[in-house]
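Note sheet for the following structure.
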Amino acid sequence: MRLATWLILGGVLTAGCGAALAQTDGAAEKVVVQPAVSFQFERAGVAVPHYTLQVYENGEAVYQADVLPGVAPVASTPTEHVSRSLRLTPETTAKIFKAARALKYFNVQCDAKLKNIAKTGEKTLSYAGPDGRGSCVYNYSENKDVAMLTDTFLGIAFTLDEARRLAFLHRFDRLGLDAEMDTLTQEAKAGRALELGTIAPTLTSIANDNAVMERVRLRAEKLLEQAKVK
């Protein structure tokens with residue numbers, strides 16, 4: 001088996017993710033495309049005003065975001081671009097793709113079209129693969145599968161941004177780690193911070209730093225245990 005042409009799915013080009021794998025058998029060559037589900041979020045005035053999280057069926061994922069730097073960002077501050085690869089658990093990956101196919105690859109009406117609904121950000125769900133493609137745009141959805149996917153992607157994105165904030169505090173304000181780690185612990189307990197394994201390096205760095213308060217290190221260790229990181 002050898003690597004062939006990389007495909008761009010949802011505007012993201014990443015080695016090892018969404019690749020077209022070519023398998024040669026004599027003179028014949030067969031190309032298998034990795035299906036991908038993408039979630040895009042846009043909302044002005046928040047710490048991460050724009051991001052895209054693209055997940056492939058093998059569990060690999062790509063996170064692209066424009067973020068306001070620091071932990072107390074000002075809207076007028078220029079954003080910084082963040083790009084990273086990660087891997088989701090098989091359970092979360094399977095749940096995402098099962099819902100995407102149940103929703104006919106997002107060739108459905110996602111937006112509830114209700115009046116007086118608060119603007120919580122424009123969201124776009126997309127699917128691209130050899131079995132189909134489609135997308136839908138919404139602010140709020142009453143569809144239970146769309147709502148589940150929204151909560152899942154928001155929870156993963158929250159965790160990834162928490163890693164950025166924790167890394168910043170670990171470098172510049174170790175005392176500030178106490179409140180931030182408490183926030184992450186509470187959000188994880190409530191199910192609003194998901195896929196903690198994706199930020200294992202950040203948590204491990206804090207847990208192993210004797211210059212950090214003991215309770216902060218213990219919280220980091222418990223989160224690592226919760227993520228089943230070994």
> Does the side chain of L194 reach to within under 4.5 Å of the side chain of L154, using non-hydrogen atoms?
Replying inline: no
> Between atom CD of E221 and atom CG of L224, what is the distance when rounded to the nearest 0.5 Å?
Replying inline: 7.5 Å
>> Do L177 and L175 sit in one hydrophobic cluster, given that two such residues count as connected whenever their side-chain heavy atoms are within less than 4.5 Å of each other, even indirectly?
In response: no
> Under a 4.5 Å cut-off applied to non-hydrogen side-chain atoms, are Y56 and L88 in contact?
Replying inline: no
>> Quick one, Y63 and S83 - any side-chain contact, counting heavy atoms below 4.5 Å?
In response: no
> Side chains of R192 and F158: does their closest heavy-atom pair fall under 4.5 Å?
Replying inline: no
> What distance separates M213 CE from M181 CE, expressed to the nearest 0.5 Å?
Replying inline: 10.0 Å
> Do the charged groups of R217 and D209 touch, with an N to O distance under 4.0 Å?
Replying inline: no
>> Check whether Q34 reaches the backbone of N58 with its side chain - one donor and one acceptor, N or O, closer than 3.5 Å.
In response: yes
> Any Lys/Arg nitrogen of R219 or D178 sitting under 4.0 Å from an Asp/Glu carboxylate oxygen of the other?
Replying inline: yes
> Side chain of D111, backbone of V137: donor and acceptor closer than 3.5 Å?
Replying inline: no
> Below 4.5 Å, heavy atoms only, C-beta onward: do Q54 and V37 meet side chain to side chain?
Replying inline: no
> Between R101 and E57, is there a salt bridge with N-O shorter than 4.0 Å?
Replying inline: yes
>> Quick one: does any side-chain atom of N139 pair with a main-chain N or O of T120 as donor and acceptor, under 3.5 Å?
In response: yes
>> Which label fits F39 and Y51: parallel for a plane angle under 30°, tilted from 30 to 60°, or perpendicular past 60°?
In response: tilted
>> Can you tell me how far apart CZ (R84) and CG (L160) are? Round to the nearest 0.5 Å.
In response: 5.5 Å
> Charged N to carboxylate O under 4.0 angstrom, R215 versus D182?
Replying inline: no
> Do you reckon M148 sits in the same ILVMFWY cluster as F41, going by side-chain contacts under 4.5 Å, direct or chained?
Replying inline: yes
>> side chain to side chain donor-acceptor pair (under 3.5 Å), that's the test. Do T150 and Y138 meet it? Break it down for me.
In response: CA-CA 10 Å; T150 303; Y138 61 102; 2.5 Å; yes
>> Could you check whether any side-chain heavy atom of L103 comes within less than 4.5 Å of a side-chain heavy atom of N143, counting everything from C-beta outward?
In response: yes
>> For I206 versus A220, what's the shortest heavy-atom pair and its separation?
In response: CG2-CB, 4.2 Å
> Checking side chain to side chain contact (heavy atoms under 4.5 Å, CB included) for the pair K123/E42: CA distance, chi angles, key distance, verdict?
Replying inline: CA-CA 7 Å; K123 307 164 189 74; E42 293 189 42; over 6 Å; no
> So do the side chains of C136 and T124 get within less than 4.5 Å of each other, counting heavy atoms only?
Replying inline: no
>> For L86 and I199: C-alpha separation, side-chain torsions, deciding distance, then whether side chain to side chain contact (heavy atoms under 4.5 Å, CB included) applies.
In response: CA-CA 9 Å; L86 53 141; I199 64 169; over 6 Å; no
>> Taking V108 as the starting point, is it possible to reach L114 by hopping between hydrophobic residues whose side chains are less than 4.5 Å apart?
In response: no
> Which is it for T159 and E195 under the side chain to side chain contact (heavy atoms under 4.5 Å, CB included) test, yes or no, and what are the steps along the way?
Replying inline: CA-CA 7 Å; T159 298; E195 293 293 305; 5.7 Å; no
> What's the spacing between K189 NZ and K222 NZ if we round to 0.5 Å?
Replying inline: 10.5 Å
>> If I take atom CD1 from residue I156 and atom OG1 from residue T89, how far apart are they, to the nearest 0.5 angstrom?
In response: 8.0 Å
> What's the verdict on side chain to side chain contact (heavy atoms under 4.5 Å, CB included) for L223 and T185, showing C-alpha distance, side-chain angles and the deciding distance?
Replying inline: CA-CA 7 Å; L223 289 172; T185 299; 4.0 Å; yes
>> Quick one, L149 and F106 - any side-chain contact, counting heavy atoms below 4.5 Å?
In response: yes
> If you group Ile, Leu, Val, Met, Phe, Trp and Tyr by side-chain heavy-atom gaps below 4.5 Å, do V46 and Y140 land in one group?
Replying inline: no
> Short question: side chain of H50, backbone of A65 - any donor-acceptor pair under 3.5 Å?
Replying inline: no
>> Distance check, rounded to the nearest 0.5 Å: E162 atom CD versus T198 atom OG1?
In response: 11.5 Å
